[in-house]
There are 2 protein chains.
Amino acid sequence: MAKRKPVSIRDVARESNASLTTVSLVLNKRDGRISSATRERVLKAVDKLGYVPNRLAQSLQAQKSGFLAILVPELRHVFADPYFGELISSIEEAANEAGYKLLLEVAHKKDIEQKRHVELFQRRFVDGLLCLGSTNRDEFLGDFVGSDNAVVIVNNHLPALSLNSVMCDYRQAGVLAAEHLIDLGHKEIAYIHGAAEVQTASDLRESFEARLASSGIKMPKNHAADGLYTEEGGAAAAAQLLKTNPKITAIMAGNDKMAIGAIAGLKNAGLSVPNDVSVVGCDDLQPSIYADPPLTTIHTPLDEVGHRACSAVLALFDGKQDRVTETLPVSLTLRNSTCGPRKIR
Amino acid sequence: MAKRKPVSIRDVARESNASLTTVSLVLNKRDGRISSATRERVLKAVDKLGYVPNRLAQSLQAQKSGFLAILVPELRHVFADPYFGELISSIEEAANEAGYKLLLEVAHKKDIEQKRHVELFQRRFVDGLLCLGSTNRDEFLGDFVGSDNAVVIVNNHLPALSLNSVMCDYRQAGVLAAEHLIDLGHKEIAYIHGAAEVQTASDLRESFEARLASSGIKMPKNHAADGLYTEEGGAAAAAQLLKTNPKITAIMAGNDKMAIGAIAGLKNAGLSVPNDVSVVGCDDLQPSIYADPPLTTIHTPLDEVGHRACSAVLALFDGKQDRVTETLPVSLTLRNSTCGPRKIR
DNA sequence: ACGGACAGATAAATCCTTTTACTTCCTAAA
DNA sequence: TTTAGGAAGTAAAAGGATTTATCTGTCCGT
């Protein structure tokens, strides 16, 4: 299988007895000044030779790659996480729509150390970058502050760095979740939180606690536990919380994953959800539908976030916009993991 | 924020009073014939100007893009599916290791109609292509047969098309699952299958039924139902199967997703898993661990598949290999969704 | 018959690197 | 003194497209 030499615009020019310029003009429909006879000749040659323009040459000349990169953290099987998956899917839709292709970038430590993330732009790999799962610890993102690179933080924001972002309103999420539990009559409420270095996680927790407080419900220190953003962590946290504080009747988790883990942990401890303990999640990803019981959770419009983030990064690249910070409203999705508190224990 | 003009090798040459060639030689370490004084001058200039080579120009000249594409089917939220996610993660690892970047391609119908998948190569977008979730209906893959493009079908094979592939042994999977249920003493066994146009799905089913048959266990037509490769489908299929054939004591599902759905469907119908009905899945993806009960399933080494598929596509591109068909062994992962059949009903 | 306008087409520059094929200048051997 | 050979370096081509500036003609008006 010898590699056939690909046809170039030169071959088309020769075949059709026209100049490179003419061929290029015809192909790019800037052919106002080309006679239809010539145009036909050129198109026939293109067809005959099966010519397709080499996009490396095009990009080199146009000074744009036509690629956007998606940067995800270096976690085990990160792409198998439906949170990232849903975002990626929606970004892909929008990118495809706009004629862009998507590059996958994992923030491998060694790449970051070598400033590969900056090279992504310098070396013309991409026109824009969408950062998923960023945390306050990702200092390398500072390299983009003040640069003219089109970078958008997706579904998060970093108070320490002035960067563009498109995200859900996690403060509103906290309020909605709190109000739901308050409305159901819960008083002894616990919280399973994700990593503190994720700003939206802090936002969620703070607003949740603040809303409880404003209704006179206090959350002591020992009513909070770290769920490590994993099912295992959620399960362990739930088990421990109820062991330490048997009076707890409801648990809010920082995301669906931990909530689902929490349900498993509670069941394991012989408790029934929601009859003994109500559980609320946050994200509303597909697995929450198939949880047992199906999870009551805060719906975050990740599709919308993905689409807007993609539009934003393109607007930035095109210079149509200078700065983007969008916050999208969330809502409560009621399923079967919550009910009123048990009367007596 | 005006876009700064990027530094090119020209600027470095000027700054260091050397020729383009010299700079290039130094940068590419083919500098045997460059004096160390000159080398130093060049490197200093590179450093001072912050020069990084433009990879579009490099790729254009080298006639290779340094990209591999991952082609996935056009399914809603395809990236949120942990099956694809796990494969993508492992492919990414291998690609990164080899210095390659990954491009995401969704097989959108309109793109396929326009032969965009072939253009991926013709236009030098990628050096190789990894096809996930392909089916016997994907006739467009025929465009790659006999071409010199580096294309690998990942975790599947297409009998109608002579293409490279790396996959798990789904025939062995069927045998292992069947033997497990036979060993437990089951006689009334049902099957929830995925799409018939997925070859490995047929392989799995056929070998499963054949193994049962060789132990004298027949599976009548009405012991099989389509689970549509979704949780919902699995749930519906399980419910229907048990309604029609109340004597069924075990169900094998074509993948974990349908198995988890089946468990939900059975529970919903008031049946207990595994005490009333055993359920076996196939894939061994993360959610199967957190199913309730944790799912007994066939472990398919997707990580290994991803790694090997990536190596294969690179070997093909480099011309080190002409044809690849690998089949990797699977194993049974025992969890709690199976036990012996209930005695009486 | 001459200048201007316009249609149709093209040569050459540009984007940025790598690589091939020299050119110079020395040194050491004959 | 010539000459072969090595060391150090560079001009130019190639890779494939787009775009700018320019060049022929032709036709019209005066």
Side-chain angles (χ1 to χ4, degrees), chain A residues 3-43 45-46 49-67 119 121-127, chain B residues 3-43 45-46 49-66 119-127:
Chain A
K3 309 232 169 193
R4 285 183 293 283
K5 196 181 176 232
V7 278
S8 82
I9 197 171
R10 247 185 193 82
D11 305 314
V12 176
R14 194 176 317 123
E15 173 80 21
S16 63
N17 262 313
S19 71
L20 299 186
T21 314
T22 305
V23 176
S24 175
L25 290 174
V26 169
L27 285 166
N28 295 292
K29 316 260 151 132
R30 321 191 72 33
D31 52 358
R33 48 197 179 138
I34 306 292
S35 71
S36 56
T38 309
R39 189 194 347 273
E40 287 310 312
R41 258 189 11 255
V42 169
L43 291 176
V46 166
L49 301 179
Y51 168 75
V52 196
N54 179 321
R55 80 141 243 294
L56 287 168
Q58 285 181 317
S59 294
L60 175 60
Q61 135 78 27
Q63 306 267 56
K64 51 184 255 181
S65 67
F67 290 133
E119 288 188 6
F121 287 97
Q122 295 176 328
R123 305 197 54 196
R124 314 275 129 172
F125 271 104
V126 302
D127 297 340
Chain B
K3 307 230 172 198
R4 284 183 295 284
K5 195 179 176 236
V7 277
S8 83
I9 198 172
R10 248 190 191 77
D11 304 314
V12 177
R14 194 176 316 123
E15 173 80 20
S16 62
N17 263 313
S19 71
L20 300 188
T21 314
T22 303
V23 176
S24 175
L25 290 175
V26 169
L27 285 166
N28 295 292
K29 316 256 152 138
R30 318 193 77 29
D31 52 357
R33 47 199 179 140
I34 305 294
S35 71
S36 55
T38 309
R39 187 192 353 269
E40 287 311 311
R41 268 200 349 267
V42 169
L43 291 176
V46 165
L49 302 178
Y51 168 75
V52 195
N54 179 323
R55 86 146 242 282
L56 287 168
Q58 284 181 318
S59 294
L60 175 60
Q61 137 78 29
Q63 306 268 56
K64 51 182 255 179
S65 67
E119 288 188 7
L120 233 36
F121 287 97
Q122 295 177 326
R123 305 196 55 196
R124 315 275 130 172
F125 271 105
V126 302
D127 297 339

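Heavy-atom basis, side chains included; hydrogens, waters and symmetry copies ignored. So that the names make sense, note that chain A is the first sequence line, chain B the second, and so on, each numbered from 1.
Nucleotide C:dT17 holds its P atom 9 Å from the CG atom of B:L27, rounded to whole Å. When rounded to the nearest whole Å, the span between CD of B:Q61 and C1' of C:dT17 equals 6 Å. Rounded to an integer number of Å, the gap from CG of A:L25 to P of D:dT18 is 9 Å. Rounded to a whole Å, the CG atom of A:N54 is 10 Å from the P atom of D:dT18. Atom CZ in A:R10 sits roughly 13 Å away from atom P in C:dA12 (whole-Å rounding). With rounding to whole Å, A:L20 atom CG is found 13 Å from D:dG15 atom C1'. Nucleotide C:dC15 holds its C1' atom 15 Å from the NZ atom of A:K64, rounded to whole Å. In this entry the distance linking CD1 of A:I34 with P of C:dA7 reads 12 Å, nearest Å.
OP1 or OP2 of D:dA17 has at least one side-chain nitrogen or oxygen of A:Y51 nearer than 4.0 Å. Distances shorter than 4.0 Å separate some side-chain N or O of A:T38 from OP1 or OP2 on C:dA9. Applying the 4.0 Å criterion to OP1 and OP2 of C:dG8, one finds that A:S35 has every side-chain N and O outside that range. OP1 or OP2 of D:dT10 has at least one side-chain nitrogen or oxygen of B:S19 nearer than 4.0 Å. Proximity of B:Q58 to the phosphate of C:dT18: a side-chain N or O atom is located under 4.0 Å from OP1 or OP2.
Counting only N and O atoms by type, the side chains of A:T38 and A:S35 include a donor and acceptor under 3.5 Å apart. No side-chain N or O of B:S24 forms a donor-acceptor pair with one of B:T21 less than 3.5 Å apart.
Across all non-hydrogen atoms, the minimal contact from B:A13 to B:S19 is CB-C, 4.0 Å. Closest of all the heavy-atom pairs between A:Q58 and A:P53 is NE2-CB, 3.5 Å. Between A:R55 and A:F67, the closest heavy-atom pair is NH2-CE1, 3.2 Å. The shortest heavy-atom contact between B:G50 and B:V7 is O-CG2, 3.8 Å.
For A:R33, whose side chain is taken as the heavy atoms from C-beta onward, the closest listed nucleotide among C:dG8, D:dA12, D:dG16 is C:dG8. Listed nucleotides: D:dA11, C:dT10, D:dG16. Nearest to the side chain of A:A57: D:dG16. Listed candidates were C:dT19, C:dC16, D:dG16. Nearest to the side chain of B:Q63 is D:dG16. Of the candidates C:dT10, D:dT10, D:dT18, the closest approach to any side-chain atom of A:N28 belongs to D:dT18. Comparing C:dT18, C:dT10, D:dG16 by their closest approach to the side chain of B:S24 singles out C:dT18.
Side-chain atoms of B:T21 come within donor-acceptor range of the base of C:dT19, with a qualifying N/O pair under 3.5 Å.
Within 4.0 Å of A:S8, counting heavy atoms only, lie sugar-phosphate atoms of the nucleic acid but no base atom. At a threshold of 4.0 angstrom between heavy atoms, the contacts of A:L60 include nucleobase atoms, whether or not backbone atoms are also involved. Residue-level contact check: B:A62 touches neither bases nor backbone, having no heavy atom under 4.0 Å from any strand. B:V52 comes within contact range of the sugar-phosphate backbone alone, with a heavy-atom separation under 4.0 Å but no base atom that close.
Residues A:R30 and B:N17 both approach DNA chain D. Their nearest nucleotides, taken by heavy-atom distance, put B:N17 toward the 5′ side.
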